[in-house]
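Every chain is numbered from 1 and lettered A, B, ... according to where its sequence line falls, protein lines coming before strand lines.
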Amino acid sequence: MNRTLRIAATAAVGAGMLAGAASALGASTGSGATFPAIAYTKWCGDSGLCSYTGKGSGAGIKDLTKKTVDWAGSDAPLTPDELTAIGGRVQYFPTLLGAVTIPVNIPGVTGGKLNFDGRVLNGIFSGSITTWNDKNIAAINKGVKLPARPITVCVRADSSGTSFVFSRYLGKVSATSAFKGGSKTPAWTAPVLVKQPGNPGVAQCVAGTSDSIGYVDFGDAIRAGLQKNIAKVGKKGGPYVGPSTSAITKAGQIAAAKIKSDLTVDFSASPNVGAYPIVATTWALIVPGRPGNAGALAAVKYFLSPPAQQVLPGLGFAPLPSALRTLANRQLSAK
Amino acid sequence: MGSGTIPAVTPPPPPPPPAATPLRRPPGSVLADRSYAIVAGLAALIAVVFVGYLLWTTLDNTGEVWSTFGVWGFITGAEWVPTPAVGDAIYGALPFIYGTLMTSLIALVLAVPASIGIALATVVFLPRRLRGPVGGLINLLAAVPSVIFGLWGVTILVPFLKPALNWLADDFGWISLFGWHPFEGPVTSGSYLISGLVLAIMILPIITAITREVLLTVPRDQSEAAFALGATRWEMVRHSMLPWARSGIVGASALGLGRAVGETIAIVMLLGNTPGIFTPLVGPGSTLASVIALQTGEASGLQMSALTALAVVLFVIAFVINAAARLLVRRADTGPGGGRVRRGAAWIVGRVCRPGTGEAVRSEPPPPPSAPRDAPAAVRRPARGPSVISGPGAISRSRIGRSRSAEGLIWFSVLFGMVPLVAVLVEMLVKGLPAISGAFFTELPPLDPSSYGGGIANALVGTLILMAITLIVAAPLGVLTALYIRDVGQAGSIHRRIGAGVGFVVDILLGVPSVVVGLIVYLGIVVVQGHFSALAGGIALGVIMFPIVVRAADEVLRLVPTGQQEAALALGAPKWRTTWSVVLPIAGPGILTGILLGLARASGETAPLLFTSLGNQFLSTNITEPIAAIPQLIYNNTILTQTPASLQLAWGAALVLVAIILVLNLGASLLSRRTRRLEGRS
């Protein structure tokens with residue numbers, strides 16, 4: 001409120017003075033992943049320490065490489081090529097946990113009551129399962145009457161961290177998957193594919209198309225009013241778990257000793273009881289040793305602080321697990 | 001001395017009037033003329049150098065693709081799989097070429113007749129009082145950001161037209177053209193037909209506005225002559241306006257096509273993004289510009305090279321289409337601006353005189369009040385000029401019928417074009433007005449996308465600053481370049497020939513997708529400076545605006561009557577004075593329209609800003625820092641996150657953007673009206 005008032009007052013005073021006010025705000029500039037963009041935007045706005053533009057993980061990494069931003073947001077670790085281009089060294093600061101949900105729209109069937117496992121999802125998205133009454137789907141959904149109609153598969157048109165997280169999960173849990181390692185632009189091969197830009201685009205596709213399925217990040221699925229359409233996911237034979245803040249948090253609870261030293265940890269297909277399986281963290285990237293790093297480090301320090309982490313459930317994310325947060329803070333102070 | 005002092009720029013007009021030779025030129029005029037040529041030439045040179053740099057940078061990045069797939073292999077490649085499950089990535093351009101050509105073709109086929117109809121209506125057929133407002137309304141719609149058209153298409157048009165598409169697929173799915181089934185189902189929410197329709201609506205304002213300006217330059221005596229000969233309004237239009245305006249209409253269509261082939265966001269939202277070759281029009285596809293925009297942000301290595309190669313393919317397509325359009329115009333016009341008009345006049349004379357006594361109808365007195373009823377009211381109320389003499393009995397029934405049905409077609413196209421445009425505008429008002437309050441202009445967007453309230457202060461200030469930079473970059477350069485192309489040299493001179501080359505170069509720029517412009521400015525300015533800035537954003541938008549200004553100004557300058565210029569030169573006025581006092585006052589309003597259209601188009605862009613001005617969560621007025629913009633805010637609130645609250649803010653922001661363009665348009669029309677009045681007084 002205070003800032004709003006200040007801006008209103010400054011706006012009235014005139015352009016010359018505005019320039020001064022503007023440079024006091026937004027100390028560091030970040031760009032990159034759109035997946036955590038609303039959290040970063042909120043944090044930057046609340047703290048006044050940074051300004052963030054969501055334009056895609058790869059684009060953010062390019063900006064960081066070309067030194068046009070102070071820090072970047074990314075959902076995926078750098079590829080070897082990207083790492084070489086950036087000079088061989090980059091620090092990963094995990095900032096939050098997010099989940100990719102599977103909304104389903106079948107007339108007469110409540111999506112939230114459906115169960116999927118990785119093998120079936122892999123079959124649907126790669127085209128080996130093409131109708132809703134396929135025996136593989138029926139086998140894990142006893143008692144649900146599924147129609148004999150073809151499945152419309154809604155996917156992302158743009159390259160995205162959400163696609164990366166989902167395809168990496170499929171590659172991990174299905175032995176026959178074509179999506180090993182994950183990709184921001186996976187080659188989906190389902191026969192009836194609809195590609196839409198952005199998470200809201202995919203959510204709209206599912207909401208507006210009968211007999212459809214898609215993958216959307218948790219926050220956007222809720223914001224699009226798809227709560228009742230979100231299916232449960234689990235290992236074959238169960239248990240099947242729906243996404244929730246606590247189910248996401250449970251996926252993140254692993255011992256500090258099991259976390260790689262560079263903090264690039266993969267939380268998908270967690271064996272923890274009650275954990276939702278398609279969970280990932282996202283990182284703020286900083287290149288150590290750059291002259292303008294103070295602003296970026298201050299911003300990341302705020303991201304990891306309790307007041308910042310507290311707002312995450314309201315945006316459809318979960319706070320970082322304590323082990324990971326401790327490690328991230330240690331990396332921050334070691335700098 | 002003698003001929004040595006007369007620069008090549010200003011040879012005496014052929015044939016030199018005898019009065020011109022004894023007049024002595026003021027000593028400063030030669031220098032002034034030369035400076036005029038040099039300044040205009042420099043502006044043109046900047047355009048050429050930039051396009052050269054752009055081509056060089058892009059071609060430089062494509063080597064890997066050509067060596068991997070071969071030029072022909074890449075262009076005819078039917079598959080585009082950047083991350084295959086097994087084996088190497090495959091890149092082929094053909095599905096995107098098909099998608100681009102098909103969407104643009106549908107858009108042009110729908111938009112060009114509708115645009116001509118609306119332009120004619122606002123110049124000839126509408127009641128005089130409505131002409132200005134309707135014309136202005138069309139100009140406004142050039143400013144609606146494409147993401148808004150996309151949103152409108154997805155939420156309103158697709159559900160509305162789905163039954164029609166289903167009907168097409170059910171009843172006409174069997175139609176086959178050489179094995180291609182244009183209407184074969186299944187019908188998907190993203191489709192060529194809907195995308196083409198929305199593209200048509202998007203390019204309609206540009207084509208209409210330029211066509212209108214061109215029609216307005218038709219000399220009054222020409223239309224009056226037709227009326228005087230007893231032509232109906234349609235006959236006057238058909239035989240004395242359209243031949244005159246033909247090249248301008250082709251130019252306007254080329255501008256529209258430039259926007260259609262380069263459009264990304266609306267296509268991404270409406271075409272389904274599924275590449276295919278000779279796929280049905282009721283199904284999905286993908287275009288060159290849209291795949292470039294979707295994948296460039298994340299691409300590297302061979303994929304980046306392939307995407308850049310797609311941009312090259314897009315330049316070539318735009319270039320070929322423009323060159324073909326120019327050839328078409330040149331072949332159709334037998335003389336410089338004239339042959340067709342003369343033939344049209346001959347046609348009117350022939351028609352009017354045949355059924356009558358062979359006597360010229362001009363000598364008849366004005367029709368008495370008891371004039372035959374079959375003389376259409378249209379003839380008695382001509383478009384321009386005070387009164388008209390229509391020969392009673394001179395108009396046959398078939399001519400009236402033909403004129404009436406032509407007018408009917410024009411009204412139909414007005415309806416066809418105006419209904420969707422008005423629908424978009426109404427949608428914006430209904431959804432955007434609730435967002436607007438005092439706080440809307442002074443507060444920042446809410447940090448939680450689900451909460452209502454907040455404002456667009458940062459984006460509004462950012463857009464105004466970006467617009468100012470864009471205008472400063474593109475308007476003077478654009479007008480000077482157009483003057484160099486059309487005005488500096490006489491027909492046939494070396495300047496004119498170089499100018500034609502510059503014109504081609506500018507045409508290439510028209511077809512460059514905006515995201516590519518963003519990338520070039522990113523590499524050339526942002527990376528060099530080490531940070532994103534409003535300045536870089538303004539320059540990128542200026543590059544997008546520049547060719548629109550040049551092309552629009554060129555079309556208007558082309559039609560400035562040579563007689564008046566020759567008269568000024570014959571009186572001893574130096575070339576620059578002739579341009580300043582004769583050419584620019586006539587062409588001024590048209591050039592101004594071109595500038596506003598270009599500015600409107602550029603201010604609605606999102607993609608290039610991500611690479612140049614980046615965006616800013618806070619209010620900034622510093623042009624060396626990242627800055628926010630309205631289209632980016634709309635994009636964030638619709639594509640990245642979407643809630644009822646964020647949508648409301650987006651519609652409100654779109655409304656504000658259109659309002660800014662409205663104010664600029666009103667200002668411009670006041671300005672040109674004042675100039676005209678001053679002209680009249682002196």
* **Minimum heavy-atom distance between Thr53(A) and Gly615(B), given as atom pair plus value** => OG1-O, 3.8 Å
* To do: Could you tell me which non-hydrogen atom of Pro449(B) sits nearest to which non-hydrogen atom of Leu315(A), and how far apart they are?
  => CD-CD2, 4.3 Å
* If you tally heavy-atom pairs under 4.5 Å against chain B, which of Ile38(A), Thr41(A), Val311(A) wins? -> Thr41(A)
* List in chain and number order the residues that pass side chain to side chain contact (heavy atoms under 4.5 Å, CB included) with Thr209(A), two or more places apart in sequence or in another chain; answer none if no residue qualifies. => Thr152(A), Cys205(A), Ser212(A)
* From Ser51(A) OG over to Ile627(B) CD1, what is the distance, rounded to the nearest 0.5 angstrom? -> 11.5 Å
* **From Asp158(A) atom CG to Ile639(B) atom CD1, the distance as rounded to the nearest 0.5 Å** => 8.5 Å
* Asked: Given the options Gln295(B), Gln632(B), Met269(B), which has more heavy-atom pairs under 4.5 Å with chain A than any of the others?
  -> Met269(B)
* Top contributor to chain A contacts, counting heavy-atom pairs under 4.5 Å, from Thr641(B), Val291(B), Leu270(B) -> Thr641(B)
* Asked: Are Leu614(B) and Ser31(A) close enough that some pair of their side-chain heavy atoms sits under 4.5 Å apart?
  -> yes
* Which bit of Tyr52(A) comes within less than 4.5 Å of chain B, counting heavy atoms only: side chain, backbone, both or neither? -> both
* Give a yes or no on whether the backbone of Lys195(A) and the side-chain of Asn273(B) come within a donor-acceptor separation of less than 3.5 Å. => yes
* Gln617(B) side chain to Cys44(A) backbone, donor-acceptor under 3.5 Å -> no
Heavy-atom distances under 4.5 Å only: say whether [X] touches chain A with side chain, backbone, both or neither.
X         : answer
Ser450(B) : side chain
Pro284(B) : neither
Ser290(B) : neither
Tyr522(B) : side chain

Sort by residue number and list every member of [range] having a non-hydrogen atom under 4.5 Å from chain A.
range                       : answer
residues 148-159 of chain B : Val154(B)
residues 642-649 of chain B : Gln642(B), Thr643(B)
residues 524-532 of chain B : Val526(B), Val527(B), Gly530(B), His531(B), Phe532(B)

* Within 45° of the ring axis of Phe611(B) and under 6.0 Å from its six-membered ring centre, is that where the NZ or CZ of Lys55(A) lies? -> yes
